[in-house]
Amino acid sequence: MSSAAMIDRYRWWEIILIYCGIALFLFFVLSPFVEGFLVSLKPLSQLFSSPYRFWPENGSFEAYRTMWISVPGFGRYIFNSFFISIIVTLIVLCLVIPAAYAFAKFEFKGMGILLGAFLTVNMFSGAVLLIPLFRLMRSMGVLNTYLAMIVPGVAFLIPSAIWLLRTYMIRIPQELNEAAYMDGASHFYTLRRVILPIAMPGIIVVAITTFIGAYAQQFIFALTFNSKTEYMPLPVGLFAYFGKQEVIWNELMAASFVGIAPAMVVIFFLQRYLVGGLTAGAVKQ
């Protein structure tokens with residue numbers, strides 16, 4: 001057995017510690033989801049019983065049926081969130097891909113200042129900019145439309161997307177750009193024919209993170225820039241389960257799991273691209 005193979009081997013107690021650490025991490029990550037799912041199976045009368053029962057007694061999926069009755073049009077809320085997230089992701093990708101290419105492959109005056117400005121934008125919470133954003137949306141005439149949530153979503157997600165994709169494109173050898181230039185290719189042609197196929201794993205990572213960000217940040221924009229039910233996204237629909245006297249916790253948890261199902265399906269089918277994009281370029285060949 002080679003010395004390299006011996007170095008890569010773990011002792012038995014090290015393996016146990018590694019798996020214990022993974023199990024502890026998974027416990028803290030997954031326990032809220034497990035508890036939320038069990039709450040969705042419990043009758044409302046059991047949620048505040050003493051002593052508290054972790055496992056539901058006479059549990060059922062009744063809340064998954066009654067949640068549609070409690071909040072009419074809940075399916076529309078899910079569609080709106082999914083639609084807004086898809087449009088935001090497409091717009092962000094169209095703007096970020098050429099921008100990240102320029103920041104990664106060219107040196108120009110003020111580049112550092114622009115990159116720093118992008119980080120500064122991410123430091124501001126959406127709540128701080130609600131009043132100026134509202135005045136902007138009103139002047140554009142897009143209040144009470146999908147655009148009232150798409151435009152702020154794009155603006156807040158572009159900076160982090162540029163940084164993420166730029167980091168990936170920097171790893172692409174500069175010699176490819178130079179070779180294309182020597183063959184007479186334009187920058188746009190080089191980006192489309194040479195860079196994009198190589199950068200596709202990184203683009204998919206940016207698309208997934210943008211989609212998740214757009215899916216999660218719609219609540220405050222929807223409440224501020226929209227008053228029509230037909231344009232409201234999922235977070236506003238979940239807020240409808242908070243009544244004046246009580247919160248319907250089991251239906252709220254059921255609606256939450258149904259609402260995140262589209263995002264989970266997207267992540268499930270693209271997870272191999274996500275892992276590949278995050279690890280690509282980590283080892284130089």
Side-chain angles (χ1 to χ4, degrees), residues 82-124 133 136-137 139-140 142 145-215 217 266-267 269-285:
F82 197 77
F83 175 76
I84 292 170
S85 301
I86 290 292
I87 298 301
V88 168
T89 302
L90 292 177
I91 295 176
V92 168
L93 288 180
C94 291
L95 297 176
V96 162
I97 290 174
Y101 172 67
F103 281 115
K105 297 303 179 183
F106 303 101
E107 294 286 340
F108 53 90
K109 188 175 182 180
M111 184 178 70
I113 297 176
L114 284 175
L115 290 173
F118 290 147
L119 285 180
T120 304
V121 170
N122 279 345
M123 296 173 60
F124 287 93
L133 283 174
L136 177 63
M137 296 297 105
S139 64
M140 295 172 58
V142 297
T145 65
Y146 285 123
L147 286 175
M149 290 163 286
I150 291 174
V151 173
V154 170
F156 278 97
L157 291 171
I158 279 180
S160 57
I162 288 179
W163 271 92
L164 183 60
L165 189 56
R166 172 182 175 270
T167 302
Y168 187 89
M169 285 188 174
I170 287 176
R171 300 192 183 112
I172 299 176
Q174 182 66 17
E175 289 77 9
L176 295 176
N177 263 3
E178 296 172 355
Y181 178 77
M182 293 298 295
D183 290 337
S186 64
H187 294 311
F188 179 75
Y189 185 89
T190 303
L191 172 63
R192 185 165 56 93
R193 292 291 188 177
V194 179
I195 302 300
L196 280 185
I198 302 175
M200 192 55 63
I203 293 173
I204 293 176
V205 172
V206 172
I208 295 175
T209 55
T210 301
F211 178 85
I212 295 174
Y215 206 81
Q217 70 170 14
V266 172
I267 295 173
F269 283 104
L270 296 179
Q271 61 179 336
R272 65 189 183 98
Y273 299 104
L274 178 62
V275 175
L278 289 174
T279 57
V283 179
K284 186 176 182 179
Q285 303 294 333

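Just so you know, residue 1 is the first one in the sequence shown, and it goes up from there.
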What closest approach, in Å, do Val142 and Ala148 show between heavy atoms, and which atom pair accounts for it?
O-CB, 3.3 Å
Of all residues at least two apart in sequence or in a different chain, which pass the ring pair (Phe, Tyr, Trp, His ring centres under 6.0 Å) check with Phe103?
Phe108, Phe118
For Val206 against Ala161, the heavy-atom pair lying closest together
CG1-CB, 3.7 Å
CG of Leu147 to CD1 of Ile87, rounded to nearest 0.5 Å, is 9.5 Å
For Phe82 versus Tyr215, what's the shortest heavy-atom pair and its separation?
N-CE1, 3.9 Å
Got a list of side-chain donor-acceptor pairs under 3.5 Å for residues 187-197, not counting sequence neighbours?
from, atom 1, to, atom 2, distance (Å)
Thr190, OG1, Ser186, O, 2.8

What pairs of residues pass the side chain to side chain donor-acceptor pair (under 3.5 Å) test when at least one of them lies in residues 82-109, not counting sequence neighbours?
Ser85-Gln218, Tyr101-Asn177
Pairs satisfying side chain to side chain donor-acceptor pair (under 3.5 Å), at least one member in residues 145-165, at least two apart:
Arg76-Tyr146, Asn80-Tyr146
If we only count heavy atoms from C-beta on, is the Val205 to Leu164 side-chain gap below 4.5 Å?
yes
Step by step, work out the side chain to side chain contact (heavy atoms under 4.5 Å, CB included) result for Leu176 and Ile198.
CA-CA 11 Å; Leu176 295 176; Ile198 302 175; 3.4 Å; yes
Grab the two heavy atoms, one from Leu133 and one from Pro152, that are nearest each other, plus how far apart they are.
CD1-CB, 4.5 Å
Could I get the full list of side-chain contact (heavy atoms from CB on, under 4.5 Å) partners for Ile158, not counting sequence neighbours?
Val92, Leu95, Val96, Val154, Ile162
Could you grab the distance from atom CD1 of Ile203 to atom CE of Met200, nearest 0.5 Å is fine?
4.5 Å
For Ala214 and Val88, work out which heavy atoms get closest and say how close.
CB-CG1, 3.8 Å
What verdict does the side chain to side chain contact (heavy atoms under 4.5 Å, CB included) test give for Met137 and Met140, after you've listed the backbone C-alpha separation in whole Å, the side-chain angles of each residue and the deciding distance to 0.1 Å?
CA-CA 5 Å; Met137 296 297 105; Met140 295 172 58; 4.0 Å; yes
